[in-house]
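Just so we're on the same page: letters track the sequence lines, and every chain starts at 1.
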Amino acid sequence: MRQCDSSPTSARHMSRYEPSVIEPKWQNEWETKKPFKTPTDLAELKKKPKYYVLDMFPYPSGAGLHVGHPEGYTATDVVARLKRQQGFNVLHPMGWDAFGLPAERAAVRDGIHPAVITKRNVDNFRRQIKRLGFSYDWDREVDTSAADYYRWTQWIFLKLYEKGLAYMAEVPVNWGPALGTVLANEEVKDGKYVETGDPVERRLMKQWMLKITAYGDRLLEDLDGLDWPEGIKEMQRNWIGKSEGAEVTFQVQGTNESFVVFTTRPDTLFGATYCTLAPEHALVAKITTPAQKAAVDAYVAEAKNKSELVRKEEAKKKTGVFTGAHAINPATGKPVPVWIADYVLASYGTGAIMAVPAHDVRDHEFAKTFGLPIIEVVQGGKDVQAEAFVEEGVAVNSGQLDGLKTLEAKKKMTAWLEEKGLGKKRVQYQLRDWLFSRQRYWGEPFPIIHLEDGSIATVPESQLPVELPHVDEYKPTADGRPPLARAGDAWLGVTLPDGRKGVREVNTMPQWAGSCWYYLRYLDAKNGTQAWNPEIEKYWMPVDLYVGGVEHAVLHLLYARFWHKVLFDCGLVSTKEPFQKLFNQGMILAHSYQLPMQKYHELKDIDDRGEEGAFLKSTGERVFKQIEKMSKSRFNVVNPDDVINDYGADTLRLYELFMGPLEQVKPWEMKNVEGCLRFLERVWRLCVDEESGQPNQKLVEAGPESEPELNKALHRCLQAVERDTLAMRFNTAISHMMTFTNEAMKTKTLPKAIARTFITVLAPYAPHLAEELWSRLGGEGLVSIAPWPKFDASLVVDDTVTYAVQVLGKLRTEIQAPINATEAEVRAMAEADPKMKPWLEGKTVKKFVFVPKRLVNFVVG
RNA sequence: GCACGAGUGGCGAAACUGGUAGACGCAGCGGACUUAAAAUCCGCAGACCCUUCGGUGGGUCAUAUGGGUUCGAGUCCCAUCUCGUGCACCA
């Protein structure tokens, strides 16, 4: 840790680099002069090109920030500052995803209103974030739990409802009888509530659903035009899970009953030797023969009770029971047995499959287990009795399909099925409709009224918001209705203008709702009459750069895209996609110290002797040192407040980015933070004489050409920083600034023009230090909005370059050659080099490789 | 099991479309300044071997492992191992 000379009498003290003095000073200056305030006037805006840089806004938890949060925020801030200096109107806002479960739990526990808890947390988050000196336009701050925000969330819900995309359905939810409430999936493990161990059951409840499946195709197709990491796009594609195939109807032998299966391989219908229904399938009870009833009932009951864990463990072995019934294979006309098995999922497809053991791994295992026939219908594999052949091939044993390749066989069979009325083409998605209601207090109320006659009325737009009512407690009611049911009749009861009476919806929306459109509210955050002004929306959208954690790869990004497309269809936004470029930062890990018995210890209790190992100070016991995700329970959370107290915000910002590539997972090393501080101190000393506090005597009023070599280094630095920053390679951008500083240390004089230009370049990364030096060096106004310097292309190239001279690909010597030397000239120089003599003497050069400005290679015989 | 990503000095990492591997920083070592230390400044630094009075000169091996393509591979291809992340019988 840094040793500070705190003696007030020391002259040095007053003139050394003191982040704790200059950082609040400049933050104050920015706060009052508002250089980062983005114009709201459209005419004003249109004078400049736009750039919208967005951070995924945080959920303000009670724990406060850890150093992982500001990693992405620092990256976007550097880009925002650079773009601003380059003359763009930059939109760079911050806000709070403020509804959510933790605040509600705390409210139930302590009897405090969740709004109070949330405000406390937001205030703390804002304070911590402000200490890093980010250039947010704080006048656009949004809070999803504020009534003037969720008013518009409700308004968008009405749009969804009007388009028929919101509907109510009976769906299974996690019901905790002991708590009288519905639980989130994350609160349930092994069929028990994680906190108390009370059992949780699946129960059907009437819930609001959003028809995201109606947008499945567009959500899939429009991924192609986005500048997103390929991995994230792939995860979304898998999540949507589009597969094309056919539905086939099977008649149950000797009855009027039939069932429909979904298959992606209609070409293998001739090989379907049995069918399998999910245990939950409605037909199971009807077709089971009396002889099999006991066994089937037992299996169904067991499957119902099987916990997730048990099913995972048993995933390898196939279980199932014969129903006693047979179905007719429509292709062969022959009866095949109908089984039930829990490897068939009720929730996917039709809950029934035709089993083709020869060409499906799972069906093959099942057939082997129960001795069912395996018939090859696609040629190309090995022995299908031993192993399923799942690839494409040529149809055999398939009547009219014989000899066709898989693709044609699929088409022909589908056409045949359609012609005979036995089936049809079908596209199946894994994507399900979105369960959109929660039985919670701390969320957006639905603008919905349930009328006495059972119909649904919406609250008119003019009467929004439907505000959260006051309730005596934030728990469900005694009879298990959501907390909003505790609100009095004054809130619950509604009489429409036409005299009809009804009751308000008591469910609330999920946390995702607010985050689905916050990027639009930032555009026009103060608008009291519209969610946003359409002209302003046209100017700013789409988001040019969106940075956040990979954990939101699927849900948040898919839900937001869905809403955006609906808004697009309503003519309310001008782009079909909200986020043009997406970048995921990697997680920051930290060392943790753990005794063999799993107990974690804080760093302050540890004696870390490096290679020797780490030991517990109190007992001398050896502890394991490991690198893990930061978490409270591992005692390895690094708080940015502490880092700022010890090193300053500029050092923290720099280290966040210098650690390594932004997208990579990497460990926090306190030791390396010091290196960043040292760099900033060097920059300080370059400009300020620590003895006197006056500008360093090295600084001269001369022009940049008085130190030509340094000027070249400056322009090289300029070029590299601009290029690397815009490519989001911040770590190398910083290293180039370090290299320039090292050069500047060596020269006799430092022309002020050079120093000022360098400070302008440093400004996006270490803005407080840059402002202070800028003002001390007589810069005009704030460096944060000073124009970005242009590098001189003629200065970044040397007149001579170093050529590597290789023989058979191995480096033998180096030579200097003029930048535009010809191949023949360079070859002659290389051959003339005395060091080359032993390598070339008596050899014939079979080939000569010349790579301009880089190397030559003699291929000798 | 499947999908995706990643393996480079003691450590975090650089290396543009195949072209001098290890920039920059941390830790380390030597020197200067100092009564001394810290800080600072200057310098050294992949491993091994030969050579030299020497801080000289030179060579070999090195980017997880084994092959391949190429004048030339950290980078491209094949196989294997390890780690991380996501998904979990999706018909």
(message) Roughly how many Å apart are B/rA79 and B/rU69, using the C1' atom of each and rounding to a whole number?
(response) 15 Å

(message) When the P atoms of B/rG59 and B/rU70 are compared, how many Å lie between them, rounded to an integer?
(response) 27 Å

(message) Please determine whether a side-chain nitrogen or oxygen atom of A/R678 lies at a distance below 4.0 Å from atom OP1 or OP2 of B/rC26.
(response) yes

(request) Go through RNA chain B and write down every stem, that is, every run of at least three consecutive Watson-Crick or G-U wobble pairs with distances under 3.5 Å, as range with range. (result) B:1-7 with B:81-87, B:10-12 with B:24-26, B:28-32 with B:40-44, B:46-50 with B:57-61, B:64-68 with B:76-80

(message) Taking B/rG12 as the reference, what is the distance to B/rC61 when you measure between their P atoms (whole Å, please)?
(response) 27 Å

(request) Assign A/N238 to base, sugar-phosphate, or nothing according to its heavy-atom contacts below 4.0 angstrom with the strands shown. (result) nothing

(message) Within the 4.0 Å heavy-atom criterion, would you say A/T350 contacts the bases, only the backbone, or no part of the nucleic acid?
(response) nothing

(message) Check this for me: A/K425, atom NZ, are more than 12 non-hydrogen atoms of other residues, nucleotides or ligands nearer than 6.0 Å?
(response) no

(message) Between A/Y299 and A/T319, do the side chains contain a donor N or O and an acceptor N or O under 3.5 Å apart?
(response) yes

(request) Compare every heavy atom of A/A355 with every heavy atom of A/T276, then report the nearest pair and how far apart it is. (result) OG1-CB, 4.4 Å

(message) Any donor-acceptor pair, under 3.5 Å, between the side chain of A/N672 and the base of B/rC26, if you only look at N and O atoms?
(response) no

(message) Using the P atom as the point on both nucleotides, what is the distance between B/rA88 and B/rC81, in whole Å?
(response) 26 Å

(request) List the protein contact pattern of nucleotides 54-62 of chain B with one symbol per nucleotide (5' to 3'): B for base contact, S for sugar-phosphate-only contact, - for none; contact means a heavy-atom distance under 4.0 Å. (result) ----SSSS-

(request) Describe the nucleic acid contact of A/Q806 in one word from base, sugar-phosphate, nothing, applying a heavy-atom distance below 4.0 Å. (result) base

(request) Would you please say whether a donor-acceptor pair under 3.5 Å links the side chains of A/Q816 and A/T802? (result) yes

(request) Given side chain to side chain donor-acceptor pair (under 3.5 Å), test A/D363 with A/Y343 step by step and report yes or no. (result) CA-CA 9 Å; A/D363 296 345; A/Y343 82 88; 2.8 Å; yes

(request) Classify the nucleic acid contact of A/M745 as base, sugar-phosphate or nothing, counting any heavy atom under 4.0 Å across all strands shown. (result) sugar-phosphate

(message) Categorize A/N731 for me: base, sugar-phosphate, or nothing, with a 4.0 angstrom heavy-atom threshold over every strand shown.
(response) sugar-phosphate

(message) So, applying side-chain contact (heavy atoms from CB on, under 4.5 Å) with A/M659, which one of A/N731, A/I588, A/I734, A/N672 is it?
(response) A/I588

(message) Can you confirm if the aromatic rings of A/W228 and A/F583 lie within a centre distance of less than 6.0 Å?
(response) no

(request) Would you classify A/R682 as touching base, sugar-phosphate or nothing, given that sugar-phosphate means primed atoms plus P, OP1 and OP2, and contacts are heavy atoms under 4.0 Å? (result) sugar-phosphate

(message) Distance check, P atoms only: B/rC24 and B/rC83, in whole angstrom units.
(response) 34 Å

(message) Please give the distance between the C1' atoms of B/rC90 and B/rA3 as a whole number of Å.
(response) 14 Å

(message) Between B/rC4 and B/rC77, how many Å separate the two P atoms, rounded to a whole number?
(response) 13 Å

(message) Any base atoms under 4.0 Å from A/E234, or only sugar-phosphate, or nothing? Heavy atoms, all strands.
(response) nothing

(message) Over all strands shown, is A/D360 touching base, sugar-phosphate only, or nothing at heavy-atom distances under 4.0 angstrom?
(response) nothing

(request) Give a yes or no on whether the ring-centroid distance for A/F858 and A/F848 is below 6.0 angstrom. (result) yes

(message) Does the structure place the NZ or CZ of A/R653 under 6.0 Å from the centre of the six-membered ring of A/Y765, at an angle of no more than 45° from the ring's axis?
(response) no

(message) Quick check: do A/V688 and A/N696 have side-chain heavy atoms less than 4.5 Å from each other?
(response) no

(message) Would you measure the distance from the P atom in B/rG58 across to the matching atom in B/rA45 and give it in whole Å?
(response) 15 Å

